[in-house]
Amino acid sequence: MIIVDELPHHASAIDTLLDRSFGPDRHLKTVYKLRAGVEPVAGLSLVTLAEDGSVIGTIRYWPVLLAGQVPSLMLGPVATSPEWRSRGIGSQLIRRSLNRAAVAGHRSVILVGDAPLYQPFGFVRETVLGLDLPGPVDLQRFLGLELVEGSLTGLCGAVERWDDRAAALAATLAPARSRPLISRVKAARAA
Ligand SMILES: CC(C)(COP(=O)(O)OP(=O)(O)OC[C@H]1O[C@@H](n2cnc3c(N)ncnc32)[C@H](O)[C@@H]1OP(=O)(O)O)[C@@H](O)C(=O)NCCC(=O)NCCS
């Protein structure tokens with residue numbers, strides 16, 4: 001199997017995989033309000049392909065604006081085909097894409113998901129305590145990761161859908177220079 005960037009022709013297989021993984025009502029979730037009408041972030045949204053070329057894993061990221069002024073990424077959904085689970089595909093997609101996000105100069109990532117799945121990658125509840133999502137969620141599942149230390153600290157306000165104003169704001173910011181996540185994880189282990 002291989003991991004490649006998501007391309008337009010993967011979209012329908014991804015939809016099928018997401019329907020199987022989350023159910024057809026998935027679009028009703030609060031996080032979909034932040035995805036509506038916005039394209040997934042190219043270069044971070046990845047698929048895992050089986051040897052026959054079929055899509056067996058997907059991860060997507062969306063740009064979001066925090067507290068009216070801070071661009072960030074929202075991770076999700078991530079899913080592995082039921083028959084391919086527990087072989088490391090999900091973890092590999094999360095690790096690879098987070099490393100790419102750090103290398104690309106993104107400063108932070110938020111998500112709504114199962115804490116036990118994301119805590120090993122550094123996601124914690126504390127970093128997003130001041131942020132509000134545009135609808136109901138189980139707050140224990142609302143997590144954040146600072147790719148640049150302090151990038152979420154003290155932020156208070158709404159998580160908003162990406163729009164032209166957010167894009168214009170982001171264009172004025174220089175990309176962060178952070179070490180790839182994997183090197184920080186290794187450094188932390190060595191310490
Ligand atoms: C979550 C999911 C993407 C993991 O994919 P996968 O390819 O099986 O992942 P991995 O093989 O890398 O396993 C990752 C680890 O997380 C664990 N895990 C899987 N789903 C989990 C969950 N929902 N909560 C906590 N841990 C979870 C696995 O048991 C595994 O732990 P282990 O290595 O100690 O056995 C897959 O189970 C899936 O598609 N689930 C349905 C959709 C979903 O719930 N997505 C995540 C939303 S938060």
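The figures that follow rest on heavy atoms only: side chains count, while hydrogens, waters and symmetry mates do not. Ligands are counted one by one from 1 in listed order, and the atoms in each one are counted from 1 as well.
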Could you note down all residue pairs passing side-chain hydrogen bond (donor to acceptor under 3.5 Å, both in side chains) where residues 37-48 supplies at least one of them, sequence neighbours left out?
->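 Non-adjacent pairs meeting side-chain hydrogen bond (donor to acceptor under 3.5 Å, both in side chains): zero.
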So is Arg60 actually on top of Trp62's ring, under 6.0 Å and inside 45° of the axis?
->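 Here Arg60 fails the 6.0 Å and 45° test against Trp62.
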Where does ligand 1 get N/O contacts under 3.5 Å from the protein, atom by atom?
| unit_1 | atom_1 | unit_2 | atom_2 | d |
| --- | --- | --- | --- | --- |
| ligand 1 | 5 (O) | Thr80 | OG1 | 3.2 |
| ligand 1 | 7 (O) | Thr80 | OG1 | 2.8 |
| ligand 1 | 7 (O) | Gly90 | N | 2.8 |
| ligand 1 | 8 (O) | Ser86 | N | 2.8 |
| ligand 1 | 11 (O) | Ser86 | N | 3.4 |
| ligand 1 | 11 (O) | Arg87 | N | 3.2 |
| ligand 1 | 11 (O) | Gly88 | N | 2.7 |
| ligand 1 | 12 (O) | Ser91 | N | 2.9 |
| ligand 1 | 12 (O) | Ser91 | OG | 2.4 |
| ligand 1 | 23 (N) | Asp114 | OD2 | 2.5 |
| ligand 1 | 39 (O) | Thr80 | N | 2.9 |
| ligand 1 | 39 (O) | Thr80 | O | 3.4 |
| ligand 1 | 39 (O) | Arg85 | NE | 3.4 |
| ligand 1 | 39 (O) | Arg85 | NH2 | 3.4 |
| ligand 1 | 45 (N) | Val78 | O | 3.0 |

Which residues pass the salt bridge (Lys or Arg N to Asp or Glu O under 4.0 Å) test with Arg20, sequence neighbours left out?
->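 Glu83.
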Does the side chain of Phe121 reach to within under 4.5 Å of the side chain of Leu143, using non-hydrogen atoms?
->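 Phe121 vs Leu143: side chains apart.
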Report yes if some heavy atom in the side chain of His106 is under 4.5 Å from a heavy atom in the side chain of Leu44; otherwise report no.
->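 Yes, close enough: below the 4.5 Å cut-off.
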So which pairs with a foot in residues 25-48 pass ring-ring contact (aromatic ring centres under 6.0 Å, His included), sequence neighbours left out?
->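 For residues 25-48: His27-Tyr32.
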